[in-house]
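See below for the structure under consideration.
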2 protein chains.
Amino acid sequence: MSPQQRRSGLGTNQEAVRRHNLGTVLRHVHGAGQISRAELTSLMGLNRSTIAGLVGELESLGISERATPAGGARQGAGRPSAGVAIAGDGPCVIAVDLGVDRAVVARVGLGGRVLRRAQAPVPHDGEAWQVGASVAALIREVVEDAPTAAPLVGIGISVPGMVRRSDGLIRLAPNLEWHDVSFGGIVLAALGLDVPVSLANDADLGALAEHTRGVGVGIDDLIYVSGNVGVGAGVIMGGHRLEGAGGYAGEVGHLRFDPGGRPCHCGNRGCWETEVGGHAIAEAIHCPPDKVAQLDEVLDGFTSPSPELRRTGTAIGHGLASIVNMFNPRLVILGGYFRSLYELVGPEIDAGLTDRALPAPLESVRLSLPGLGSDSALLGAAEIALEPLFVDPVAALGSALVDVRAQLAG
Amino acid sequence: MSPQQRRSGLGTNQEAVRRHNLGTVLRHVHGAGQISRAELTSLMGLNRSTIAGLVGELESLGISERATPAGGARQGAGRPSAGVAIAGDGPCVIAVDLGVDRAVVARVGLGGRVLRRAQAPVPHDGEAWQVGASVAALIREVVEDAPTAAPLVGIGISVPGMVRRSDGLIRLAPNLEWHDVSFGGIVLAALGLDVPVSLANDADLGALAEHTRGVGVGIDDLIYVSGNVGVGAGVIMGGHRLEGAGGYAGEVGHLRFDPGGRPCHCGNRGCWETEVGGHAIAEAIHCPPDKVAQLDEVLDGFTSPSPELRRTGTAIGHGLASIVNMFNPRLVILGGYFRSLYELVGPEIDAGLTDRALPAPLESVRLSLPGLGSDSALLGAAEIALEPLFVDPVAALGSALVDVRAQLAG
DNA sequence: TCGTCCCTGTCCACCCGCACAACAAATTCT
DNA sequence: AGAATTTGTTGTGCGGGTGGACAGGGACGA
């Protein structure tokens, strides 16, 4: 959601104004990590005294605290502006990055600061409740050292599959072999807690995180293409997540690529994924099938690309061209094992894209590696969990969980 | 733009609240044509007295006028609510639908009412200034009988090509053979006027119009696929137009369809357009190439589809499947000659889509014909010209042109 | 070292816009 | 016809952003 949330046709009353302004201040603090009141006034276009009031409210809510004027970048004369910093025991969230072979869990505070992290392998044929128990154990671990005063706002979970927007149901996670799994409920049950849980697709969250604090800061039209066994994309257009009717937008893996190509697990032939998906690449580099989940590590061991890999690079570029034609992004971020591939066959990918994309969309697009490394999805999960805080800080804190440690013990 | 315009990170003051609420009231009046104050209060969630104040301001601006309680649908007891209707000599806009072989121009008032229309053929090899002069003549015609009091808010132009969002430059209109044409400036120069001009792609405007007052009312995720010699799409996601970095989003005609297919004018092989574009279909039905621009009329003469046409229908369905997978729309509207085709080979299109789309996005999508017939793009052009009125009615009226007739005479 | 300049934080009165309550008006239901 | 119901109108109150006055705090120049 954007500073102005997307309501359709509603009016605005002054209560909503306050909510929005308070949330926007917090969003700026979150984005910058630390920011001066003077910057806030110029960014938001409000009066000094108004900003003072808003900042005061955030402080009394225990979200932010006054900081000494940021030592570094002093620009001109005049009284230095007091900083607004994120409170040490301010609100935090749990972020979960569920991968095909491992789960990463982190406690994350405002500003995207990872306060503590833990991870564990996930069995290949694990049932959802087993994985849920394992994730719950990791959550208990990262909550262990949380300050008593720090409220837990929610849990965000990144999923390698299609997640229904309306209720967070995992419709299909092919590489976990899950169908219609209510993973949020499973984790909550395993924890014995009741906090807001948000789930979303890993590529969508990668896009969100890169837009908030990665290479995509300030770029309002970007796509994060993720290679994680399957191929998917997260799309941000006009500064907003592209979700689609059900939340399934961005399924670029099943773009028609070559009608005479290999059969795909979706039932068709020659989907893009059959050419550039994890299994296709594993085959191209003669990597054993059981190592597909660690494909990025395997690829990092390569120093020079084989001809097969070069051909794969071209195929990636050709697929990206369709994506660029369809969405006209300013930035395409290559995540997952595409990250390692871009190091190896970058020129082939670039050439494939340049060859097949239309001139107009091509001239404004740029390819890039993720700015957050392999943490994009994890930090994106933190972002969606934090989101309610920016829509209505007071309400979000009201429904947050206080003293999580005690709650988990009891 | 939505009721809440997309500003990034700005604060809201009460002046903005008033602007927004006034614009939102007007948007509702525009959408419904006529609406009661009571409906406005419940739609916008504001107090009766606030709505009364807003409606009063619209009346004093000469935009709306008080109407007798809508006779038809009386529901319960109680005093009937006074209606808000669009003023007879209220603001209006000029809408231009530039086609490959003809231009349609209309004067359109709020509520999407076409007050007067005119059209003329456009020479196949016309230069931009010639077409501009012809459009200017049509504009003079439709303005002839405009009430003196009615202010002209702007001109909206639908273009069969790629339009740069930042300045409305026509980057490429392949079937007009235009490159980098500043058509807005040309028309204004021919008129000797200075009013706001907005240009956009015809498919984008088709989507917009169908979303506002066609089959897509209330559906926030839809795609309008337009067949007009070339194939393009207009995308609305989350209630907002999908524009992309440069404004070129939705170029679905150059999706990779069959790498071994026919060469496309874009330089590649086997773009979707080479299978389902105007020229391909003309060939399939043995229609002479110079009649491609009137393909819809030719198709309307058919009663039963040939096997070639059936194959084309399947190809359309397969292409739509890629689009549905990428965007996950709730509604796909088939415009241009796809409209006539759907009457002929609807089952083949449906089957092609069902065959190739993923189950999750497929289950919520529906195909449909345009609700506005062949006027979608024209009414969409009116919509973008009216847009400033909903963002800030007072400001838009301030910069509108009064007594256009006199201005054009002088 | 001191004074000036410039910018910022704080406090105040003020204005604007929405909400709320009370009353009048208009229609339906009994 | 009277009660019930819903809406328009009016006046008052309240919340929230604005703007000015004043004080605080650092940079720069003399």
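Quick note on labels: first sequence line is chain A, next is B, and so on, each numbered from 1.
B/Glu243 and B/Arg164 are not joined by a salt bridge, as no carboxylate oxygen comes within less than 4.0 angstrom of a charged side-chain nitrogen.
Counting heavy-atom neighbours within 6.0 Å of B/Glu15 CD, excluding the residue itself, gives a total of 12 or less. Within 6.0 Å of CG in B/Asp89 there are more than 12 heavy atoms belonging to other residues, nucleotides or ligands.
In this structure, the helix from C/dT1-D/dA30 to C/dT30-D/dA1 shows an angle of 10° between the axis at its start and the axis at its end, each fitted on 5 base pairs and rounded to 10°.
Across all non-hydrogen atoms, the minimal contact from B/Leu22 to B/Leu54 is CD1-O, 3.6 Å.
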Annotated protein contacts, base or backbone, on nucleotides 17-25 of chain C with a non-hydrogen cut-off under 4.0 Å, one of B, S, - each: BSSB-B--B
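One interatomic measurement links the two molecules: CE of A/Met44 to C1' of D/dG16, which rounds to 13 Å at whole-angstrom precision. The distance from atom CZ of A/Arg37 to atom C1' of D/dG25 is 14 Å, rounded to the nearest whole Å. Rounded to whole angstrom, the span from the CG atom of B/Leu40 across to the C1' atom of D/dT6 amounts to 16 Å. Nucleotide D/dT10 holds its C1' atom 17 Å from the CD1 atom of B/Ile51, rounded to whole Å.
At least one donor-acceptor pair under 3.5 Å links the side chain of B/His211 to the backbone N or O of B/Ile219.
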Residue pair B/Asn13, A/Thr50: steps toward the side-chain contact (heavy atoms from CB on, under 4.5 Å) verdict: CA-CA 10 Å; B/Asn13 55 20; A/Thr50 308; over 6 Å; no
Evaluation steps, side-chain contact (heavy atoms from CB on, under 4.5 Å), between A/Glu59 and A/Val55: CA-CA 6 Å; A/Glu59 279 170 15; A/Val55 168; 3.6 Å; yes
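Between A/Leu58 atom CG and A/Leu26 atom CG the span is 5.5 Å, to the nearest 0.5 Å.
Here A/Ser81 reaches the OP1 or OP2 of C/dG9: one of its side-chain N or O atoms lies under 4.0 Å away.
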